[in-house]
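Encoded as structure tokens, the structure appears first; notes follow it.
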Amino acid sequence: MTLKLAIAQLNFVVGDLAGNARKIVDAARQAHAQGARLLLTPELSIAGYAAEDLFLRPAFTEACDDAVKGIAAALADLKDMVVVVGHPTGGSLRSRSVAVQMRYNAASVIKEGRLLETYAKRELPNYQVFDERRYFTPGQGTCVFEAGGVSVGVLICEDAWFDEPAELARAAGAEVLAVINASPYHVGKEGERVARMADRARAVGLPLVYAHLVGGQDEVVFDGASFALQADGALAMQAESFKESLVLMQLERSPQGVEVVAAPSAIAAPREAEAQLWDALVLGVRDYIGKNGFPGAILGLSGGIDSALVLAVAVDALGKDKVRAVMMPSPYTADISWIDARDMATRLGVRYDEISIKHTFESFKGALADEFKGLPEDTAEENIQARIRGTLLMALSNKFGSIVLTTGNKSEMATGYCTLYGDMAGGFAVIKDLLKTTVFALARWRNAHDPYGTGASPIPDRIITRPPSAELRPDQTDQDSLPPYDILDGILARYMQDDEGIDEIIAAGYERAVVERVARLIKINEYKRRQAPVGIRVTHRSFGKDWRYPITSKFNETAGAQKP
């Protein structure tokens with residue numbers, strides 16, 4: 001017995017039901033022509049993931065059901081071809097005050113025009129970016145079907161991270177587990193998935209095939225890297241990450257049971273973390289702009305490290321012809337800043353313009369002269385400069401249609417070292433989830449690699465080596481206002497990303513005064529982050545759906561602060 005199996009590692013668009021269905025039909029026909037008799041599609045492939053509150057609209061779920069039926073009809077002529085399609089199904093009882101879910105995150109098994117079975121996801125994640133209990137009801141049953149003489153048990157994503165669903169599938173006669181997934185990327189997630197699925201395969205003694213989504217959807221990115229494991233957990237196949245592909249392999253029955261048969265070349269070569277991180281940023285930008293129909297991107301190029309990295313990502317994502325950089329010097333802009341900005345724009349071949357804000361800044365100060373009379377210049381004047389720049393970029397965006405990419409990083413977003421309606425003004429925050437130390441590391445990596453063939457060493461060395469500065473007052477550096485970035489980022493990683501307490505962080509060697517100051521800055525700047533544009537999530541704890549703290553709060557974790 002031999003069953004050829006295919007995985008449709010595809011990039012779907014939320015709500016494009018006809019387009020998503022067409023991709024599945026095309027993949028099924030291509031797989032069938034190559035001898036496959038089973039095709040797995042990712043979780044919720046009809047709807048796109050995650051469709052969020054679209055799931056709550058009856059018309060959306062009904063349209064998804066119709067799309068599944070349409071796929072079945074379109075594939076009726078493919079003899080012996082079985083296709084597993086992920087989709088939402090069902091409905092809910094809703095009023096203005098109460099919602100009772102009767103909707104499921106489902107997988108339907110289609111063969112020769114018929115829907116054979118529908119399986120409902122049992123384990124619904126409700127942590128990090130996941131909110132599935134808002135939309136779905138847990139399933140209760142199992143689904144084991146036959147394809148090419150092999151009994152296949154279906155699981156959906158989170159099901160495979162728990163014992164019971166896989167054990168029930170094995171008890172129902174499954175010889176192989178087919179797991180369809182939409183698992184958002186973060187640094188290190190790929191290895192974690194393979195390790196956990198290997199544990200699952202060994203626990204039930206069955207091979208496991210993991211079909212995964214690829215593509216960007218708002219703040220999350222899906223990395224693909226679908227894989228197959230033997231019953232002992234050994235890796236038998238792994239697709240390339242961050243690329244669409246139709247992946248084929250064979251399942252063969254031996255005296256020891258069903259085994260995955262694939263050539264050694266079917267296992268994609270391991271890639272360094274920086275390469276995957278770069279791909280995630282590039283795909284996130286490409287899909288956000290492409291799927292939302294923007295003709296291109298525009299950003300303020302300051303001669304600093306953050307805007308330099310964003311420009312390099314944008315060109316790799318969109319190509320030089322769809323990216324525009326604007327330098328907006330103020331009275332405090334150093335000559336080396338515009339020199340380096342011009343240099344970088346030339347290296348990447350993008351359109352580059354300079355719009356001085358000196359006269360505009362003086363006009364603003366003149367308009368406020370009576371109000372500010374007798375007061376020293378401070379952050380008010382600094383922020384005026386940032387807001388002038390934001391206004392100019394948004395005006396260019398309105399006139400020409402390109403989306404403004406903001407250039408703030410996670411260290412700045414955490415501590416409020418950014419200006420509302422200034423450098424925070426824009427439509428998409430490319431490096432919102434990168435700590436400043438990661439920004440520097442990734443810039444050095446990109447200068448040493450040219451993964452998309454857009455130009456080697458795009459970032460002038462001086463941008464990487466000079467002390468970072470907002471250049472909003474004379475001789476300013478970031479460290480005038482913040483702890484050194486290696487210290488700051490260490491505290492942020494522990495406090496914000498890993499939820500360590502203040503005392504734990506101090507015990508790790510950080511100064512109490514610095515830790516308490518950083519924790520306070522995180523707390524008081526929540527109102528700014530709520531007004532920031534959506535950005536790409538690349539860590540397990542981003543400022544987005546992962547982070548839901550109240551703006552108004554009197555809780556203070558500092559020792560003794562809660563005593564009455």
To the nearest 0.5 Å, atom CZ of Arg286 lies from atom CG of Leu281 at 12.0 Å
- Query: Can you list the steps and then say if Glu192 with Met197 is a side-chain contact (heavy atoms from CB on, under 4.5 Å)?
  - Reply: CA-CA 9 Å; Glu192 183 182 359; Met197 292 304 101; over 6 Å; no
Quiz question: by atom type and distance under 3.5 Å, do the side chains of Ser108 and Thr118 form a donor-acceptor pair? yes
Review point. Do the side-chain N and O atoms of Tyr49 and Asn105 include a donor-acceptor pair separated by under 3.5 angstrom?
Key: no
message: Would you say the ring centers of Phe55 and Phe136 fall short of 6.0 Å from each other?
response: yes
task = Anything under 30° is parallel, anything over 60° is perpendicular, the rest tilted; go ahead and classify His449 against Trp445.
result = parallel
Give a yes-or-no answer on whether the side chains of Lys410 and Thr539 include a donor-acceptor pair shorter than 3.5 Å.
yes
Between Val439 and the options Val310, Asp489, Ile431, the side chain to side chain contact (heavy atoms under 4.5 Å, CB included) test singles out Ile431
- Is it true that atom NZ of Lys322 has more than 12 heavy atoms of other residues, nucleotides or ligands lying nearer than 6.0 Å? no
Check: Does NZ or CZ of Arg193 lie under 6.0 Å from the centre of the six-membered ring of Phe227, at an angle within 45° of the ring axis?
Finding: no
* Take atom NZ of Lys189 as the centre, draw a 6.0 Å sphere, and report whether it contains more than 12 heavy atoms from other residues, nucleotides or ligands. => yes
CZ (Arg541) with more than 12 external heavy atoms under 6.0 Å:
yes
Exactly one of Arg122, Arg103, Lys121 clears salt bridge (Lys or Arg N to Asp or Glu O under 4.0 Å) with Glu132, and that residue is Lys121
*asked:* Does Lys4 have more than 12 heavy atoms from other residues, nucleotides or ligands lying within 6.0 Å of its NZ?
replied: yes
Rounded to the nearest 0.5 angstrom, the NE2-OG distance for His212 and Ser183 is 4.5 Å
Original post:
Quick one: are Lys23 and Thr41 in side-chain contact, heavy atoms under 4.5 Å?
Top reply: no
| message | For Lys291, is the NZ atom crowded, meaning more than 12 foreign heavy atoms sit under 6.0 Å from it? | response | yes
Whether Tyr288 and Phe294 hold their rings parallel, tilted or perpendicular, with breakpoints at 30° and 60°:
parallel
Distance-only polar pair, side chains of Glu190 and Gln276, donor-acceptor under 3.5 Å: yes
message = Testing the 3.5 Å rule here: is there a donor-acceptor pair between the side chains of Ser241 and Asp223?
response = no
Q | Whether Arg537 side chain and Val220 backbone form a donor-acceptor pair below 3.5 Å | A | no
Please check: side-chain N/O of Arg347 versus main-chain N/O of Ser457, any donor-acceptor pairing under 3.5 Å? yes
### Message
Salt bridge or not between Asp159 and Arg200? Use side-chain N to carboxylate O under 4.0 Å.
### Response
no
In Asp287, Leu10, Leu283, the residue satisfying side chain to side chain contact (heavy atoms under 4.5 Å, CB included) with Val214 is Leu283
